[in-house]
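Shown next, in structure tokens, is the structure this report addresses.
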Amino acid sequence: MCHVIVTCRSMLWTLLSIVVAFAELIAFMSADWLIGKAKPVSTEDMDNRTGGSQEPYRPTLGIYGRCTRISHMQLSRRDTLCGPYAENFSEIASGFWQATAIFLAVGILILCAVAFVSVFTMCVQSIMKKSIFNVCGLLQGIAGLFLILGLILYPAGWGCQKAISYCGHYASAYKLGDCSLGWAFYTAIGGTILTFICAVFSAQAEIATSSDKVQEEIEEGKNLICLL
């Protein structure tokens, strides 16, 4: 018989697992990993409505995508175009970024799988006599290692020609040049830290769902068990 067991610790672990997976996925897909050097605004880009000049535009560059200004749309409110600069994997600007994409993709795939499984842990707590929480925690730890490898390799690609065109000639491996780090990079780092927190917290979720109070509720014949 299926017993629906909900505790504060198990629900917190489930929600955090989902948040981490989405955060890493959004960061990976974003083009805001590097913010390029400011490009001066030409007289053609003057704001006719206010009579003042627009702020200098700073293009952004991601692992496989970029955002840049489209000159023929200067009168539109949306004057930037974002999308992939690489049509296939081999066109990613740097071999280090290709490795980063692989490691991050594997880590995110594992996190998404764990997030999906975590939703069903309210009803199923073990498979083949093994705790789902412990298995998921182990997978999250492995995913975190993949994410760390990807984030370590990413700055090594700052010396590629694509990054130099955005960050200036002073850019090189682990040196930003005229660029600055965008929110996607910091989100990926934060998500990686939370991944390890989830891995550790999964043990607490397992303890909460197998506590003596839960066993007492099961022995009383309750199918829905909610505990703080």
State plainly whether one hydrophobic cluster holds both [X] and [Y], where clusters connect Ile, Leu, Val, Met, Phe, Trp and Tyr through side-chain heavy atoms under 4.5 angstrom apart.
X      : Y      : answer
Ile193 : Ile108 : yes
Val106 : Phe96  : yes
Leu61  : Ile164 : no
Val200 : Ile142 : no
Ile189 : Leu145 : no

Residue pair [X] / [Y]: nearest heavy atoms and the distance that separates them:
X      : Y      : answer
Gly65  : Ala31  : C-CB, 3.9 Å
Glu87  : Glu91  : N-OE1, 3.0 Å
Ala163 : Trp97  : CB-CH2, 4.2 Å
Ala23  : Thr187 : O-CG2, 3.7 Å
Gly137 : Ser202 : CA-OG, 3.2 Å
Ala21  : Ala115 : CB-CB, 4.1 Å

Working note: Leu34 + Leu181, criterion side chain to side chain contact (heavy atoms under 4.5 Å, CB included); need CA distance, chi angles, decisive distance, verdict. CA-CA 5 Å; Leu34 284 179; Leu181 294 172; 4.1 Å; yes
Heavy-atom check, side chain of [X] versus side chain of [Y], under 4.5 Å:
X      : Y      : value
Lys162 : Ile92  : no
Ile197 : Leu194 : yes
Phe146 : Ile110 : yes
Phe196 : Ile148 : yes
Leu147 : Leu104 : yes
Tyr166 : Trp158 : no
Ile152 : Tyr174 : yes
Phe185 : Leu151 : yes

Looking only at atom types and distance, does a side-chain atom of Thr192 sit under 3.5 Å from a main-chain N or O of Ala188, one as donor and one as acceptor? yes
May I ask you to decide if Gly36's main-chain N or O and Arg58's side chain share a donor-acceptor pair within less than 3.5 Å?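 Yes, because the side chain of Arg58 sits within donor-acceptor range (under 3.5 Å) of the backbone of Gly36.
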Give the intermediate values and the outcome of side chain to side chain contact (heavy atoms under 4.5 Å, CB included) for residues Tyr170 and Lys175. CA-CA 8 Å; Tyr170 293 104; Lys175 293 184 179 179; over 6 Å; no
Holding to side chain to side chain contact (heavy atoms under 4.5 Å, CB included), I want the full list of residues that pass it with Ala199, two or more places apart in sequence or in another chain. Gln140
Drop me the distance from [X]'s [atom1] to [Y]'s [atom2], to the nearest 0.5 angstrom.
X      : Y      : atom1 : atom2 : result
Leu111 : Ser118 : CG    : OG    : 10.5 Å
Ser131 : Ile207 : OG    : CD1   : 10.0 Å
Lys37  : Cys167 : NZ    : SG    : 9.0 Å
Ser30  : Tyr64  : OG    : OH    : 8.5 Å

For the pair Ser10 and Thr121, evaluate side chain to side chain contact (heavy atoms under 4.5 Å, CB included) and give the outcome as yes or no after the intermediate values. CA-CA 8 Å; Ser10 64; Thr121 55; 5.7 Å; no
Tell me which one of Tyr154, Trp183, Tyr186 satisfies side-chain contact (heavy atoms from CB on, under 4.5 Å) with Trp33.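 Result for side-chain contact (heavy atoms from CB on, under 4.5 Å) with Trp33: Tyr154.
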Please indicate whether Tyr85 has more than 12 foreign heavy atoms, meaning atoms of other residues, nucleotides or ligands, lying under 6.0 Å from its OH.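 Count over threshold, so yes.
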Walk me through whether Cys198 and Ser17 qualify under side chain to side chain contact (heavy atoms under 4.5 Å, CB included). CA-CA 6 Å; Cys198 283; Ser17 297; 4.1 Å; yes
